[in-house]
Chemist: 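Would you mind keeping the following structure in view while I ask a few things?
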Amino acid sequence: MKFTSIRLTPPVFTLLILFFLFSGQVLPKPGASDSRKPHLADTARCLPEPNRAVVASPNPIPWGYNLWLNFEPLDDARLKDAYREAITGMYMEPVGATGQIVYRELTEGLGSMLERPLESLPAPAGMKSAEAGLLLVATWDRLPRFIREIMDRPEIPAEGFLIRQVRAGEKKLLVLTSADDAGLLYGAYRLLRLVQTHQPLDGIDLLDAPKTKLRMLNHWDNLDRTVERGYAGFSIFNWHTLPDLRDPRYADYARANASVGINATAVTNVNSNALVLTAPYIRKAKALADIFRPYGIRLYLTARFSAPMEIGGLETADPLDPRVIAWWAAKAGELYAEIPDFGGFLVKANSEGQPGPQNYGRSHREGANMLADALAPYGGNVIWRAFVYSEEDPDDRAKQAYTEFAPEDGKFRENVLLQVKNGPIDFQPREPVHPLFGAMPETPMLAEFQITKEYLGFATHLVYLPRLFEEVLQTDTYREGPGSTVARVVDGSLHDKPLSGMAGVANIGTDINWTGHPFGQADWYGFGRLAWDPNLDSGDIAEEWIRATFGNNPVVVSRVQALMMRSREAVVNYMTPLGLHHIFDSSHHYGPGPWVDEHSRPEWNPVYYHQADSLGIGFDRTSTGSNAVAQYAPELAERYGDPATCPEEFLLWFHHLPWDYKLRDGHTLWEGLGLKYQEGIDTVSGMLSDWQGLKGLLPDAAYRDVEMRLGIQLQEARWWKDACMLYFQTFSGREFPEGMEPPAHPLNYYKNLKFPYAPGIRPQWD
């Protein structure tokens, strides 16, 4: 008999049918070979009855909806028997909403994978009455006394958990315990993943806890459901129908986040709308917070700095004006009256035309501290983005955040966190690390990564982003000597900061698989895992995700992992090799536009960044140019400042070099550019070939989808090479290097391509 993790109540099922019909998705026929079973996590439903049989749904949801939470029956009979012996039944008293979730996840997930109901057993009175293979699940203070005596009290940090096999005489028992409910939830998902990915339980002694305090998603979702830089459909948050219509997908979203340790979410765009802070929208936000809370997730909202004027009736938003201070204090009280565990505000100010304290001659510090004072009585945080640039600083956009924020170190309130992008420009395929990392020892800091692929081919290109995240996290800033990695800034250990973490710009939408590209799920998953522990290996994370998503076939695991691990370098090569950056077409950032030069502000034009001329190419950020290298620690400044020691992947980021400059492999710079572009194309061609070699070993829906997208990616890689090399040839005057495929069209063909309806930007109407 086959068991699955499904429980569809009639109202939930009706909502799902309506959702799929209106989103243009068609449900497959029952029993379709490429489907997976849903787990509709409805926090309002009753606690499952002990020993309840889990039955199959007649209407399975298409592949991809369940993300990495596919608790399919194990197909290895020997392994299944071993797990059945290790887990014969479970003792748990589900306490509270989180406890009920833990109970449901374990009974349904293990029941499905082991293809038998997980028997619910009473608490054993002692070692003699304990049954072999019993799984005991409880926070430490609720474990049976004899178990606590066997184990002694372990030091389990907040949100952490312990999974340990213990002996009661000749019997082996499995204990999952924690110091708090959140830790128990994270431990349950870890135990399920261990079984799901075929990891041994015999002798297990796994103590784990998050290395960071705040592990957060930033949604760039607008109140009208459009998503800025979103490539997976519309926003999953339907503000129009909230608070009364609570889509089951909200709970499934929370469940997915909790399964990888994400504990906070800002559900509205950083280019914010003040209406979200009005009473009707606060009630809508409360409905989301109520759903997220049992999954350990705190809700944040973006705060528009001009809100006191736009919705408060004031004529100013000056952060030092007593009326403004009082307005924000009252608004904080209103929010916490509805949402007692409200996380706080995420703020984008004085950047890209957004209002901020500088409109009134005040500093970022004065603006952030005013909001922090309003939230402090309730334990809330202000997350202030360091992504700023203004018309008044034409020197070098890459320097502006450091210039504005570094002098303010130690002057922010304790509940202010500075959110810093991974690089100093804007989520490029590759950037050097942001110079602010490690440079503000007295200021808590979040590293901001982009999970959505604004500059990485949208949801069409396969680019495994945890490789990028890992590269940044393992970069040594040298701020406190060797070993001062960005990971140590993120986990707070570099400067002993208890409040720190990572934020990721979400790639989630209404597409049936949540992320558009099936491999976009790996970026969401990998972000959560690295936010939990910034020192994890991206290759190990890839293997986890593959096993959880596609199964444990060793051929699939090894080949897909190899494909994922080389995908990021491929996109760097066919888009922005050797340190080129921000040469994308304007506004939508879809495809190449190195020739764009018509925008009023210099830093809005790609020509500003590559500085190509008859003499060479690249942005001089050394002492002879903008001197941006001086913002780094001396060790990095020296390395980056000399082309002989600068890593070639950053060469044109820091140096303007002649076309005949010799690279380390003996090629000239011009030849090297062309060959790097070609290398990127060749890598994608190999990725497509490798994927096609897996036909029949993967779910049909996933295989077909990825195959088509890889085909598009290969075409667009050639487009990038042709357009950029033709344009740069107008300056170099040189023939294309041997080994580079000749362009398919003349330069004007590429210049005249238009994409008025490219996704990811808010629609405009006259």
Chemist: Can you name the nearest heavy-atom pair linking K211 to P534, along with the distance?
Modeler: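 Looking at all heavy atoms of both residues, the closest pair is CB-CD, 3.9 Å.
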Chemist: State yes or no: are the ring centers of W384 and F345 separated by less than 6.0 Å?
Modeler: no
Chemist: For residues 166-182, which residue pairs pass the side chain to side chain donor-acceptor pair (under 3.5 Å) check, not counting sequence neighbours?
Modeler: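 Counting only pairs at least two positions apart or across chains, the side chain to side chain donor-acceptor pair (under 3.5 Å) contacts touching residues 166-182 are K172-D202.
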Chemist: Please confirm whether the ring centroid of Y250 lies under 6.0 Å from the ring centroid of F292.
Modeler: no
Chemist: Under the rule for salt bridge (Lys or Arg N to Asp or Glu O under 4.0 Å), what residues qualify as partners of R145, not counting sequence neighbours?
Modeler: E149
Chemist: Does the side chain of Q474 come under 3.5 Å of the side chain of N535 through a donor N or O and an acceptor N or O?
Modeler: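 There is such a pair between these side chains.
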Chemist: Would you check if there is a donor-acceptor pair between the side chains of Y478 and E480 at a distance under 3.5 Å?
Modeler: no
Chemist: The test is ring pair (Phe, Tyr, Trp, His ring centres under 6.0 Å); show your working for Y632 and H434 and say whether it passes.
Modeler: CA-CA 9 Å; Y632 292 92; H434 205 295; 8.5 Å; no
Chemist: Answer with yes or no after comparing the ring centroid distance for W545 and F519 against a 6.0 Å cut-off, counting only values under it.
Modeler: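 Ring centroids of W545 and F519 are less than 6.0 Å from each other.
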Chemist: As a quick check of understanding, evaluate ring pair (Phe, Tyr, Trp, His ring centres under 6.0 Å) for Y336 and F342, giving each step before the final call.
Modeler: CA-CA 6 Å; Y336 281 95; F342 179 63; 5.5 Å; yes
Chemist: What residues form a salt bridge (Lys or Arg N to Asp or Glu O under 4.0 Å) with E544, not counting sequence neighbours?
Modeler: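 Per chain and number, E544 pairs via salt bridge (Lys or Arg N to Asp or Glu O under 4.0 Å) with R193, R529.
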Chemist: When you check the gap from the basic side-chain N to the acidic O, do D290 and K286 get nearer than 4.0 Å?
Modeler: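 Here D290 pairs with K286 in a salt bridge, since their nearest N and O are under 4.0 Å apart.
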